[in-house]
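Just so you know, ligand 1 is whichever comes first in the structure, and atom 1 is the first atom listed for that ligand. Below, each value reflects all heavy atoms present in this structure, side chains not excepted, and no hydrogens, waters or symmetry copies.
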Amino acid sequence: MPRPIRATIRPQAIAHNLQRARVATHAAGSRIWAVVKANAYGHGIERIYSGLASADGLAMLDFDEARLVRHLGWDKPILMLEGCFDKADYASAFELDLTVVVHQQAQIDALASALAERKDSNLNVYLKMNTGMNRVGFNPQDYGAAFAQLRAIEGVGEIGLMTHFANADLPNGADKALALFNTTVAPIMAQYPNTMRCVSNSAATLTLSNAHFDWVRPGIMTYGGSPFADTTAAECGLQPAMTLNSQIIAVREIQAGDAIGYGSRFVAPRAMRIGVVACGYADGYPRHATEQTPIAIDGVRTHVVGRVSMDMLTVDLTDVPNAHVGSTVELWGTHIPIDEVAQASGTIGYELMCALAARVAVTADNHQ
Ligand SMILES: *Cc1c(COP(=O)(O)O)cnc(C)c1O
């Protein structure tokens with residue numbers, strides 16, 4: 001028998017969460033790029049594909065993923081968030097009709113020569129501005145000139161204006177960046193009023209109505225994770241798209257003073273009942289999970305005790321008297337928000353979703 005650990009993915013939750021983005025941006029009437037990078041934040045693009053139907057476009061950065069979604073029949077726009085990495089990518093961009101981000105001068109030059117070689121082709125682009133993240137994007141003082149250069153290249157179609165916020169999850173955290181973006185694009189908007197703008201990630205989609213513009217780019221919220229440290233996904237009206245389940249494979253009684261697991265991190269303060277769960281860090285469970293990390297046994301909440309090992313972890317069953325070998329364990333999902341597990345382990349839900357290991361069997365739950 002295979003190990004009892006299994007992830008269940010619900011495309012229906014994705015559809016619900018995209019609808020949540022639709023409602024949040026209703027006033028602006030924004031179109032939605034569902035961000036499906038990193039194989040849909042670990043959920044599997046193919047597995048969730050049916051849940052993406054209402055999105056207006058898909059955003060990603062791997063050209064193989066773009067090819068995959070075209071192969072699956074996606075005929076709406078696709079946005080490549082980091083643009084082209086090399087010359088071959090321009091051929092893919094033409095072939096697959098992709099919208100490509102342009103974030104530095106070398107990409108403008110490469111785009112110009114790619115278009116010069118293909119006289120009959122054109123390509124839509126998004127011009128990225130650096131508003132404080134300081135990773136990629138043109139600085140505001142260079143942005144207008146970059147826009148003018150793109151306008152002058154024959155074959156460049158629509159030019160969208162974009163930025164990505166460093167702090168949209170904090171109260172007023174995006175104010176400065178948004179003001180800088182607005183000031184910088186003002187001359188472009190005055191001259192070309194129909195130019196599209198796109199700046200909002202999940203946090204801004206949920207909270208910043210003045211940043212919704214023409215398109216938004218929700219990522220984590222699409223999967224039912226909260227972009228905020230202090231607001232839960234449920235409070236945001238989101239449903240988790242991934243549940244990670246396993247089973248108890250052993251139960252033992254220990255005495256006060258007995259230690260559990262590697263490094264004897266946890267020492268029992270009293271007699272305790274301990275359950276061993278078939279899940280470890282080689283499945284993608286965070287090794288840094290503390291004793292505050294919640295876990296549900298047959299729907300009853302308890303917590304991790306001792307260090308997580310490669311293939312097993314241990315839980316406190318003292319207050320779950322009916323738990324037994326074979327009891328169902330939820331590591332995260334509907335009872336245990338992934339964000340709570342992440343917070344108790346010093347990370348974020350994004351990382352846990354993306355880290356789900358290849359050895360975990362995954363099934364799609366296509367019920368409502
Ligand atoms: C990943 C990403 C997003 C989505 O961010 P979330 O916080 O997951 O909503 C949006 N825009 C860009 C450029 C990204 O790289």
Side-chain angles (χ1 to χ4, degrees), residues 13-14 17-22 24-25 30-43 45 48 52 55-63 65-66 77-85 98-104 107 125-138 160-170 173-174 177-178 181 196-208 211-233 236-242 338-339 342 347-355:
I14 305 273
N17 297 331
L18 288 174
Q19 180 58 24
R20 178 72 187 85
R22 189 72 70 189
T25 58
S30 310
R31 281 180 278 174
I32 296 174
W33 293 112
V35 179
V36 298
K37 63 190 179 190
N39 199 19
Y41 288 47
H43 291 66
I45 291 179
I48 63 153
L52 295 169
D56 300 292
L58 300 180
M60 62 199 73
L61 35 85
D62 188 317
F63 283 76
E65 292 181 346
I78 295 176
L79 174 62
M80 303 310 286
L81 291 166
E82 292 181 358
C84 294
F85 300 96
L98 309 177
T99 299
V100 298
V101 165
V102 168
H103 63 75
Q104 60 189 342
Q107 285 179 322
V125 304
Y126 265 36
L127 180 59
K128 185 162 185 177
M129 188 192 305
N130 169 32
T131 50
M133 184 84 90
N134 286 310
R135 299 183 310 190
V136 294
F138 287 88
L161 312 180
M162 80 175 286
T163 191
H164 188 48
F165 296 132
N167 299 298
D169 54 321
L170 304 175
L178 180 59
F181 177 82
M196 283 186 301
R197 286 164 289 182
C198 175
V199 302
S200 287
N201 57 5
S202 295
T205 297
L206 288 167
T207 56
L208 290 184
H212 289 159
F213 299 123
D214 307 277
W215 286 85
V216 293
R217 305 188 305 269
I220 192 74
M221 69 176 287
T222 305
Y223 306 96
S226 173
F228 308 107
D230 52 6
T231 308
T232 66
C236 294
L238 304 171
Q239 295 177 2
M242 181 193 292
I338 193 168
D339 298 310
T347 184
I348 52 176
Y350 297 71
E351 189 182 23
L352 298 187
M353 289 176 187
C354 294

For this session: Could you grab the distance from atom OH of Tyr126 to atom CH2 of Trp33, nearest 0.5 Å is fine?
Result: 5.0 Å

Problem set entry | Spacing of CZ belonging to Arg20 relative to CG belonging to Leu238, to within rounding of 0.5 Å | 6.5 Å

Problem set entry | Residue pair Asn17 / Tyr223, side-chain heavy-atom distance below 4.5 Å | no

Counting heavy atoms only, which part of [X] comes closer than 4.0 Å to ligand 1: side chain, backbone, both or neither?
X      : value
Leu81  : side chain
Arg217 : both
Pro227 : neither

Exercise. How far is atom 9 (O) of ligand 1 from its nearest protein heavy atom, and which residue and atom is that?
Worked result: Ser202 OG, 2.5 Å

Exercise. Got an N/O contact under 3.5 Å between Lys37 and ligand 1?
Worked result: yes

Ligand 1 atoms in contact with [X] (distance to a heavy atom under 4.0 Å):
X      : result
Gly219 : 4 (C), 6 (P), 8 (O), 9 (O)
Tyr350 : 6 (P), 7 (O), 8 (O)
Tyr41  : 1 (C), 4 (C), 5 (O), 6 (P), 8 (O)
Ile220 : 6 (P), 8 (O), 9 (O)

For this session: Decide whether Arg217 and His164 meet the rule of one side-chain donor and one side-chain acceptor closer than 3.5 Å.
Result: yes

Problem set entry | Closest approach of Ala241 to Ile14 (non-hydrogen atoms, all atoms of both residues) | CB-CD1, 3.7 Å

Problem set entry | Test item: Gln107 side-chain N/O and Cys84 main-chain N/O as donor-acceptor pair under 3.5 Å | yes

For this session: Ignoring hydrogens and angles, tell me if any N or O in the side chain of His103 forms a donor-acceptor pair with the backbone of Leu127 under 3.5 Å.
Result: no

Exercise. Who's closest to atom 3 (C) of ligand 1 heavy-atom-wise, of His164, Lys128, Met162?
Worked result: His164

